[in-house]
Amino acid sequence: MRANIHLGVPDGHDVIYVESLRARDTVPVPSRQGGRWPLHATGTGLVLLAHSSQEFQEEVLASELRGYTANTLTDPDELRRFLAEVRRSGVAVVESQLTYGVLAVAVPIRGARDRVVAAVGITVPSGSASPRSLVPAMATTARSISRALGAPSAGAPVPRPHWRVREATRPLTPPGVPR
C-alpha cells in the first residue's frame, strides 16, 4: 500500500512534522517535514490536542478554527465531542479533514512519564483501505516508539480499542466540483 507517514510534535496551537515519509504515486498531501498545521486540522494534531490539558483545549477552541475543507472540524462543540472520543479510543480517524480524498489515522506516542509527547499518523486515499486495517500497524509503531522513550504503559498488554470513523457531516467534494 502506498501511504504517507507523519511524526508530529506540538508547538503552541500547531503540530510540527519532525519526520515525513512520502510514497510516490499516492494521495498528495500538503504536509512535509518541518511543516506546521493547526492542531484541529490534522489527524496527528487532533491526537495531540485530545491529550492536552482541558485549559489548553479550551484556549484552542476559543481561537479562530480555520476550515481547510468542508469537513474540517471547526465547531467547538463538535470538536470537544471528537476529542473525547480520541481520548477514549486512543486513535483519531478523519477523512477529508485537511485535503479532500484523504483518510488519516493517527495515534499518540507517550514519553517517560506516560504523557503524550508526539503523534504518528498515516494518510491514504479515501476508500483505498479501511481504518480497521491501518490501526494495528499504527498502534504497534507508536508503542515501539513509546517503549524506546521509556513510557511505562508501552510494556503493558495492548488494549483492544473501540473507535469509529468520524462520518462526514458535510459533502466531501469541494464546491463546484462534479461528484
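Below, each value reflects all heavy atoms present in this structure, side chains not excepted, and no hydrogens, waters or symmetry copies. Remember, predicted model here, so these are calculated numbers, not experimental data.
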All pairs passing salt bridge (Lys or Arg N to Asp or Glu O under 4.0 Å) where residues 37-64 contributes a residue, at least two apart: Glu58-Arg80
Residue among Val9, Thr42, Leu7 satisfying side-chain contact (heavy atoms from CB on, under 4.5 Å) with Tyr17: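 Among Val9, Thr42, Leu7, the one meeting side-chain contact (heavy atoms from CB on, under 4.5 Å) with Tyr17 is Thr42.
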Backbone N/O of Asn71 and side chain of Tyr100: donor-acceptor pair under 3.5 Å: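 Side chain of Tyr100 to backbone of Asn71: no pair is present.
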Any donor-acceptor N/O pair, Thr72 side chain to Tyr68 backbone, under 3.5 Å: yes
Validation row: Ser128, Leu103 side chains within 4.5 angstrom (heavy atoms): no
Test item: Met138 and Val91 side chains (from C-beta on) under 4.5 Å apart, heavy atoms: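 In short, these two side chains do not touch, never coming nearer than 4.5 Å.
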What's the separation between atom [atom1] in [X] and atom [atom2] in [Y], rounded to the nearest 0.5 Å?
X      : Y      : atom1 : atom2 : result
Ile145 : Ile109 : CD1   : CD1   : 4.0 Å
Ser153 : Arg147 : OG    : CZ    : 10.0 Å
Glu19  : Ile5   : CD    : CD1   : 10.5 Å
Gln97  : Phe82  : CD    : CZ    : 7.0 Å

For Leu79, all residues meeting side-chain contact (heavy atoms from CB on, under 4.5 Å), sequence neighbours excluded: His40, Leu46, Leu61, Leu65, Leu73, Leu83
Non-neighbouring partners of Val116 that pass side-chain contact (heavy atoms from CB on, under 4.5 Å), sequence neighbours left out: Leu48, His51, Pro108, Arg110
Option from Asn4, Thr44, Thr99 for which side-chain hydrogen bond (donor to acceptor under 3.5 Å, both in side chains) with Thr123 holds: Asn4
Over all atoms of both residues, closest heavy-atom pair of Ala142 and Val120: CB-CG1, 4.1 Å
